[in-house]
Amino acid sequence: MKKPMIGVLPLYDSNQKSYWMLPDYMKAIEDAGGIPIMLPLTTNLEIIATLANELDGFLFTGGHDLNPELYHEHVEDTCGELCIERDMMESLLFQKVIELDKPAFGICRGLQLFNVILGGSLYQDIPTQFEVSNTVNHKQSPPYTNLVHDVHIEKGNLLHDIIQADTVKVNSYHHQGIKTLSDKLIPAAIAEDGLVESVIMPNHKFVLAVQWHPEYSYAVDEYSQKLFSAFVSSSTSLGYDINIDEITA
């Protein structure tokens, strides 16, 4: 079977004015049976349409905070570094991917992007804006392979089908999170403090995002492996098969 080509959204270093990539994103896709390709950072509509049409799946990576103006808020002092170019490209690409019903997997910023583009909002800074933020460690210290808090997986959705567990322990490295959930998404996992940790978009082939970082833990954590395996499998012509034993073999 032809290996699916997975577009990986680039990271951006504003000091060096360069695109870059964490190798774990690429290795996790490759180990799951896909071919990862780092995309350019562009707002050229023709290029974005070509990428959306030609590639089989898309990984929306972590990184910069989203511009709060996208969810109609002023930028607070506690908001982190922004990258307007990423916001613009990822917004355009995500909408095209949804239109074509191509698989989309979001990690950390990716989850926040899905929510905002679909009409939701964010806590710009969890420690100062989320009332119960001190009950869960959402921003751990290295190594990020360590799993630091539990999330409850909601039954009857794609994530539960993939994970095959009601509760899992995850790593965590973020200071923003979902405040108002888009009405086009449903929560798939919740942290012990009530923060939404995963979302899915119903009635689409595979639109799933997690707040944690399975790219750091996939080499040592079976649940992270299952996430990448399901995503890559969904990007084949046959689509996602919920037979977990088969896709992780």
Side-chain angles (χ1 to χ4, degrees), residues 24-25 28 59-66 68 71 73 76 78-80 104-202 207-218 220-228 230-231:
D24 288 335
Y25 287 123
L59 175 61
F60 289 80
T61 54
H64 295 83
D65 288 355
L66 286 160
Y71 47 95
E73 290 189 10
E76 302 288 347
T78 51
C79 187
F105 183 27
I107 293 176
C108 196
R109 169 190 162 93
L111 171 139
Q112 297 161 14
L113 175 87
F114 291 7
N115 186 57
V116 167
I117 297 309
L118 294 173
S121 67
L122 304 177
Y123 293 108
Q124 292 189 41
D125 182 60
I126 289 171
T128 58
Q129 295 182 336
F130 186 47
E131 294 180 356
V132 291
S133 64
N134 62 345
T135 63
V136 171
N137 180 10
H138 287 291
K139 196 170 185 180
Q140 72 186 85
S141 299
Y144 301 121
T145 52
N146 288 346
L147 307 178
V148 296
H149 73 78
D150 290 338
V151 296
H152 171 73
I153 311 296
E154 300 290 328
K155 294 182 179 179
N157 67 61
L158 176 63
L159 181 64
H160 196 275
D161 290 341
I162 295 168
I163 295 295
Q164 298 280 286
D166 296 339
T167 302
V168 298
K169 191 172 286 293
V170 300
N171 56 15
S172 192
Y173 188 71
H174 62 107
H175 85 110
Q176 296 197 323
I178 291 177
K179 180 167 65 175
T180 303
L181 182 65
S182 163
D183 61 8
K184 296 179 176 62
L185 298 171
I186 63 172
I190 308 292
E192 294 167 296
D193 60 6
L195 196 71
V196 175
E197 291 272 343
S198 177
V199 297
I200 62 172
M201 191 173 186
V207 179
L208 183 152
V210 297
Q211 185 62 76
W212 61 92
H213 287 271
E215 78 279 11
Y216 285 128
S217 55
Y218 84 96
V220 297
D221 176 55
E222 65 172 310
Y223 300 119
S224 299
Q225 294 165 9
K226 287 180 176 181
L227 283 170
F228 279 102
F231 168 53

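Since the model is a prediction, treat every value here as computed from it, not as a measurement.
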Starting at NZ of K179, measure out to CD1 of I126 and round the result to the nearest 0.5 Å. 12.0 Å
Closest approach of N137 to V148 (non-hydrogen atoms, all atoms of both residues): O-CG2, 3.8 Å
Could you label the plane-to-plane angle of the F60 and F114 rings as parallel, tilted or perpendicular, counting under 30° as parallel and over 60° as perpendicular? perpendicular
Verdict with supporting geometry, F231 and I162, side chain to side chain contact (heavy atoms under 4.5 Å, CB included): CA-CA 10 Å; F231 168 53; I162 295 168; over 6 Å; no
Once you round to the nearest 0.5 Å, how far does OG of S217 lie from CG of D24? 9.5 Å
Do H174 and Q176 get their side chains close enough for a donor-acceptor pair, meaning under 3.5 Å? no
Are the side chains of E215 and I107 in contact, using a 4.5 Å heavy-atom criterion? yes
I'd like to know whether V136 forms a side chain to side chain contact (heavy atoms under 4.5 Å, CB included) with L195, so could you lay out the CA-CA distance, the side-chain angles of the two residues, the decisive distance to 0.1 Å, and finally the verdict. CA-CA 10 Å; V136 171; L195 196 71; over 6 Å; no
Would I153 and D166 count as a side chain to side chain contact (heavy atoms under 4.5 Å, CB included) here? Give the steps. CA-CA 5 Å; I153 311 296; D166 296 339; 5.7 Å; no
Between H149 and D193, a side-chain donor and acceptor under 3.5 Å: no
Straight-line distance of H213 NE2 to Q140 CD, nearest 0.5 Å: 8.5 Å
Heavy-atom closest pair (S224 atom, Y218 atom, distance to 0.1 Å) is CB-CA, 3.5 Å
Taking it one step at a time, do E192 and E197 satisfy side chain to side chain contact (heavy atoms under 4.5 Å, CB included)? CA-CA 10 Å; E192 294 167 296; E197 291 272 343; over 6 Å; no
In Å, rounded to the nearest 0.5 Å, how long is the span from CG of L66 to CZ of R109? 4.5 Å
Are the side chains of V151 and S198 in contact, using a 4.5 Å heavy-atom criterion? no
Can you tell which of N157, I178, L118, L159 makes a side-chain contact (heavy atoms from CB on, under 4.5 Å) with V199? I178
Tell me whether S121 contacts the main-chain N or O of T180 through its side chain, where contact means a donor paired with an acceptor under 3.5 Å. yes
Taking S172 for its side chain and H138 for its backbone only, find out whether a donor-acceptor pair lies under 3.5 Å. yes
Identify the two heavy atoms, one from L185 and one from N115, that lie closest to each other, and give their separation to 0.1 Å. CD1-CA, 3.7 Å
Closest non-hydrogen atoms of P127 and H175, given as atom of the first, atom of the second and distance, are CD-O, 4.1 Å
Nearest heavy-atom pair of P187 and I190: which atoms, and what distance? CB-CD1, 3.9 Å
Of the non-hydrogen atoms in P214 and W212, which two are nearest, and what is the gap between them? CD-O, 3.3 Å
Evaluate the side-chain proximity of Q211 to C108: yes if any heavy-atom separation is below 4.5 Å, no if none is. yes
Going from CD1 on I186 to CG on L158, what distance comes out if it is rounded to the nearest 0.5 angstrom? 9.0 Å
Do the side chains of Q124 and Y71 get nearer than 4.5 Å, heavy atoms only? yes
Separation between CG of D65 and CG of L122, rounded to the nearest 0.5 Å: 8.5 Å
Should L227 and L208 count as side-chain neighbours, where that means a heavy-atom distance under 4.5 Å? yes
